[in-house]
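Just below is one structure, and these are the notes that go with it.
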Amino acid sequence: REIENALKSWGARVSAVTAYRNRRPRLTWEWDVIGRVGADTVVFTSSSTAENFVKLLRERARKSTPSAKILKACRYVSIGPRTSATLRKLGFKVHAQARTPSIAGLLAALKRM
């Protein structure tokens, strides 16, 4: 909304179109699968996905789900410096970071790891 409002204040006609929504997912079966099967690596495409991940981890930890312990031992890969900074602030070690903030950059970071 901030960009939209700024453009409008400059006299631009703006039609807002939502092409992307970042919402925290509900706790679903995936967490139970992680608890049973495990996970080696978690990839983050934005700071908000890292923040939502931690919120979900905390909710699961209160329910004594083993997935929280497993995920704390994972390797973490970030799409860029901003997301890496968020992960570190949240207490996670960043094991790899994309050199360019893109899916191709993430894949290259995973390959380097």
Side-chain angles (χ1 to χ4, degrees):
R1 290 243 170 237
E2 198 172 322
I3 293 172
E4 181 182 343
N5 291 337
L7 291 170
K8 285 180 180 176
S9 74
W10 299 336
R13 286 186 309 160
V14 178
S15 298
V17 177
T18 302
Y20 172 83
R21 257 186 223 171
N22 189 344
R23 292 190 223 170
R24 194 170 111 207
R26 296 174 192 234
L27 296 175
T28 58
W29 60 270
E30 290 92 344
W31 289 95
D32 295 327
V33 170
I34 290 169
R36 285 193 311 274
V37 178
D40 296 318
T41 306
V42 180
V43 178
F44 293 95
T45 57
S46 69
S47 288
S48 58
T49 58
E51 290 162 350
N52 286 335
F53 176 77
V54 168
K55 288 175 188 171
L56 290 171
L57 262 184
R58 287 183 182 144
E59 286 178 19
R60 282 314 240 192
R62 278 184 289 215
K63 296 179 181 184
S64 300
T65 302
S67 57
K69 287 182 183 177
I70 292 167
L71 290 169
K72 285 185 180 182
C74 284
R75 291 173 296 193
Y76 294 94
V77 180
S78 160
I79 197 164
R82 201 180 215 175
T83 304
S84 291
T86 299
L87 283 166
R88 289 185 189 102
K89 184 180 93 182
L90 294 168
F92 291 92
K93 179 180 177 183
V94 177
H95 296 86
Q97 176 182 297
R99 290 182 182 150
T100 56
S102 64
I103 299 303
L106 279 172
L107 292 172
L110 285 165
K111 190 173 183 180
R112 284 192 310 273
M113 221 171 58

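Only this structure's heavy atoms are used, side chains among them; waters, hydrogens and symmetry mates stay out.
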If you group Ile, Leu, Val, Met, Phe, Trp and Tyr by side-chain heavy-atom gaps below 4.5 Å, do V43 and V94 land in one group?
-> no

In short, side-chain hydrogen bond (donor to acceptor under 3.5 Å, both in side chains) pairs touching residues 5-14 with sequence neighbours left out are E4-K8

Once you round to the nearest 0.5 Å, how far does CZ of R82 lie from CG of L87?
-> 13.5 Å

For residues 86-95, pull every pair meeting side-chain hydrogen bond (donor to acceptor under 3.5 Å, both in side chains), keeping only residues two or more places apart or in separate chains.
-> S47-T86

Between T83 and I79, the two heavy atoms sitting closest are OG1-CG2, 3.7 Å

Please tabulate, for side-chain N and O atoms in residues 101-113, each donor-acceptor pair with protein atoms closer than 3.5 Å (sequence neighbours left out).
{"from": "S102", "atom 1": "OG", "to": "G105", "atom 2": "N", "distance (Å)": "3.0"}
{"from": "R112", "atom 1": "NH2", "to": "Q97", "atom 2": "O", "distance (Å)": "2.9"}

Do V77 and F92 share a hydrophobic cluster, counting only Ile, Leu, Val, Met, Phe, Trp and Tyr and linking them when any side-chain heavy atoms are less than 4.5 Å apart?
-> no

Which atoms form the tightest heavy-atom contact between T41 and C74, and what is the distance?
-> N-SG, 4.3 Å

